[in-house]
Peer 1: 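Have a look at this one before I ask anything.
Every number for a ligand or one of its atoms is a count from 1 in the order of the listing. In this text, all values refer to a predicted model and were calculated from it rather than measured experimentally.
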Amino acid sequence: MATLQNLLELNQPALAAFYAHIGEKSSSVNMRAKQTLKWLHQSQVTEFAAMTDIAKTTRELLAAHAEIRDLTVIRDSTASDGTRKWLFDVGSSAVDAVFIPEEDRGTLCISSQAGCALDCAFCSTGKQGFNRNLTTAEIIGQLWLANRALGVGVSGERVISNVVLMGMGEPLANFENSVTALRLMLDDNAYGLSRRRVTVSTVGLVPAIDRLREECPVTLAVSLHAPSDALRDQLLPINRKYPLAELMAACHRYLERAPRDFITFEYIMLDGINDSEAQARELLALTSELPCKFNLIPFNPFPGVPFRRSRPERLRRFAEVLMSAGVVTTTRKTRGEDINAACGQLAGQVGNRMRHLVSRTHPLQEVHP
Ligand code: SAH
């Protein structure tokens with residue numbers, strides 16, 4: 001028997017093409033695609049029989065050629081502050097998604113790759129190495145499952161109001177699958193999120209930032225972490241390929257199409273490395289021409305890493321320098337610590353990188369729209 005097509009892999013045009021392929025009349029493939037998206041992503045059905053506005057003969061065709069295969073949950077934990085984390089089995093390894101509830105929104109942070117090839121000096125995922133790209137079904141599947149678990153709140157609105165691709169991996173290094181998943185998030189027949197409520201966080205892959213601007217401009221967050229090439233080269237090896245001048249130029253270009261008129265810069269606070277007042281002033285000079293906000297992330301240490309978290313006083317002074325120049329600056333709260341749901345907390349579990357179930361954690365809130 002031919003392999004079954006997982007419908008969670010497909011966005012609207014791909015679903016229409018799939019319907020044509022299995023013999024649906026060309027005049028109805030678009031309608032069928034929309035109906036199917038609604039059943040899959042709004043009603044979260046897992047049985048074709050439940051898709052009651054689709055003709056029975058068509059449902060039988062679907063059953064012969066397709067399946068709805070969601071992710072397998074290894075662990076589902078909720079922290080005392082309400083942060084909830086799912087650990088998913090993706091075959092040779094595991095990835096996680098974290099839900100962060102706040103008063104005015106609910107943000108889901110999802111992963112784009114199992115492991116990561118970028119090897120940033122302070123990141124435990126990087127220490128695992130790269131395993132593989134997640135498929136579209138695995139990326140959207142995290143939202144699918146979390147949405148099904150969380151449903152709608154008392155107001156009748158969906159509990160998940162914002163999505164950030166800020167979990168494990170580099171979304172722009174898994175461009176096609178990430179963008180297909182992004183399109184599903186934006187599609188009114190699927191999740192219907194506005195582009196302001198969907199954020200991609202990137203280490204700064206310049207050509208892919210340009211491509212995202214052309215193909216699917218959503219809110220952009222960039223992991224900056226250093227004000228000079230000399231330091232950024234050491235902390236984020238990708239800087240040797242795409243140095244700061246090129247990255248800043250790409251950010252400027254991105255804003256021509258972005259749903260927001262600023263870029264969010266993430267800046268991890270490493271004690272004595274990148275957290276001096278002089279460095280804050282260097283950052284101001286670097287970004288003076290660019291509408292941006294800063295989100296300072298207290299470093300989460302893990303075993304074997306040579307960095308420490310900046311002291312609160314230093315962090316406060318750093319933030320003050322930025323803010324006194326009029327730059328909106330927030331400090332990310334660490335959430336979900338009791339379930340290892342803050343960046344880097346599970347590094348201690350890293351063993352055999354292909355087999356061990358590893359989870360890194362996640363970034364959070366104020367950066368999100
Ligand atoms: N690859 C993307 C998204 C994944 S990482 C990117 O680089 O932006 C999400 C954020 O968490 C990034 O800003 C990353 O630098 C940060 N991060 C990684 N390890 C961390 C740690 N140990 N403590 C705090 N933040 C960390």
Side-chain angles (χ1 to χ4, degrees), residues 95-98 100 107-128 130 133-134 139 142 163-175 178 198-206 208-209 212 218-226 231-232 234-239 242 247 250-251 263-271 273-275 293-310 315 330-337 340-350 358-368:
V95 299
D96 50 15
V98 177
I100 305 128
T107 303
L108 187 72
C109 175
I110 64 181
S111 298
S112 56
Q113 298 181 313
C116 187
L118 291 165
D119 201 24
C120 299
F122 47 78
C123 177
S124 63
T125 302
K127 302 297 160 219
Q128 285 175 59
F130 178 64
N133 282 331
L134 297 187
I139 299 171
Q142 298 167 62
V163 178
V164 294
L165 259 78
M166 217 180 257
M168 276 178 121
E170 167 55 42
L172 297 186
N174 182 13
F175 192 89
S178 294
V198 176
T199 300
V200 165
S201 174
T202 179
V203 72
L205 304 183
V206 166
I209 292 175
L212 189 70
V218 291
T219 303
L220 190 67
V222 174
S223 293
L224 194 56
H225 304 327
L231 180 58
R232 200 165 189 269
Q234 288 175 37
L235 295 176
L236 300 91
I238 194 69
N239 194 68
Y242 305 116
L247 179 57
C251 290
I263 302 281
T264 296
F265 287 121
E266 295 160 273
Y267 195 93
I268 191 168
M269 297 297 291
L270 303 169
D271 184 43
I273 304 283
N274 66 352
D275 64 348
K293 293 186 176 181
F294 272 86
N295 187 232
L296 306 180
I297 315 175
F299 170 63
N300 284 312
F302 52 91
V305 73
F307 304 116
R308 282 187 315 245
R309 182 181 287 190
S310 298
L315 195 152
T330 51
T331 300
R332 195 173 285 182
K333 287 181 226 143
T334 298
R335 298 276 303 253
E337 276 178 307
N340 291 329
C343 288
Q345 280 189 325
L346 294 196
Q349 296 179 10
V350 180
V358 185
S359 163
R360 197 193 53 80
T361 19
H362 300 269
L364 313 198
Q365 57 242 67
E366 288 91 330
V367 69
H368 316 319

Peer 1: Can you list the atoms of ligand 1 that are under 4.0 Å from a heavy atom of G169?
Peer 2: 1 (N), 2 (C), 3 (C), 4 (C)
Peer 1: Looking just at side-chain N and O atoms, do Q113 and N133 make a donor-acceptor pair shorter than 3.5 Å?
Peer 2: yes
Peer 1: CZ of F265 to SG of C251: how many Å apart, nearest 0.5 Å?
Peer 2: 4.0 Å
Peer 1: Just let me know how V203 lines up against ligand 1, side chain, backbone, both or neither, with a heavy-atom cut-off below 4.0 Å.
Peer 2: both
Peer 1: Only heavy atoms of I297, strictly under 4.0 Å: list the atoms of ligand 1 that pass.
Peer 2: 13 (O), 24 (C), 25 (N)
Peer 1: Return yes if some donor-acceptor pair links the side-chain N/O of N174 with the main-chain N/O of L134 below 3.5 Å, else return no.
Peer 2: yes
Peer 1: Side chain, backbone, both or neither: which applies to N300 and ligand 1 if a contact is any heavy-atom pair less than 4.0 Å apart?
Peer 2: both
Peer 1: Is a donor on one side and an acceptor on the other found under 3.5 Å between the side chain of N274 and the backbone of I268?
Peer 2: yes
Peer 1: Would you say ligand 1 has an N or O under 3.5 Å from any N or O of L165?
Peer 2: no
Peer 1: Have a look at S201, G167, S111 and point out the one with the heavy atom closest to atom 4 (C) of ligand 1.
Peer 2: G167
Peer 1: Closer than 3.5 angstrom, by distance alone: can the side chain of R232 be matched with the main-chain N or O of L224 as a donor-acceptor pair?
Peer 2: yes
Peer 1: Check E170 against ligand 1 and report side chain, backbone, both or neither, counting heavy atoms closer than 4.0 Å.
Peer 2: both
Peer 1: Does ligand 1 have any atom that is closer than 4.0 Å to a heavy atom of H225?
Peer 2: yes
Peer 1: Is ligand 1 under 4.0 Å from a heavy atom in the side chain of L118, in the backbone, in both, or in neither?
Peer 2: neither
Peer 1: L315 versus D275: any side-chain heavy-atom pair under 4.5 Å?
Peer 2: no
Peer 1: If you round to the nearest 0.5 Å, how far is CG of L118 from CD of E170?
Peer 2: 5.5 Å
Peer 1: Name the one of V163, T107, L165, T219 that satisfies side-chain contact (heavy atoms from CB on, under 4.5 Å) with T199?
Peer 2: T219
Peer 1: Which atoms of ligand 1 have any heavy atom of C123 under 4.0 Å away?
Peer 2: 18 (C), 19 (N)
Peer 1: Looking at M166, which atoms of ligand 1 are within less than 4.0 Å of one of its heavy atoms?
Peer 2: 4 (C), 9 (C)
Peer 1: Using heavy-atom distances, let me know which of P298, S223, C116 sits nearest atom 13 (O) of ligand 1.
Peer 2: S223
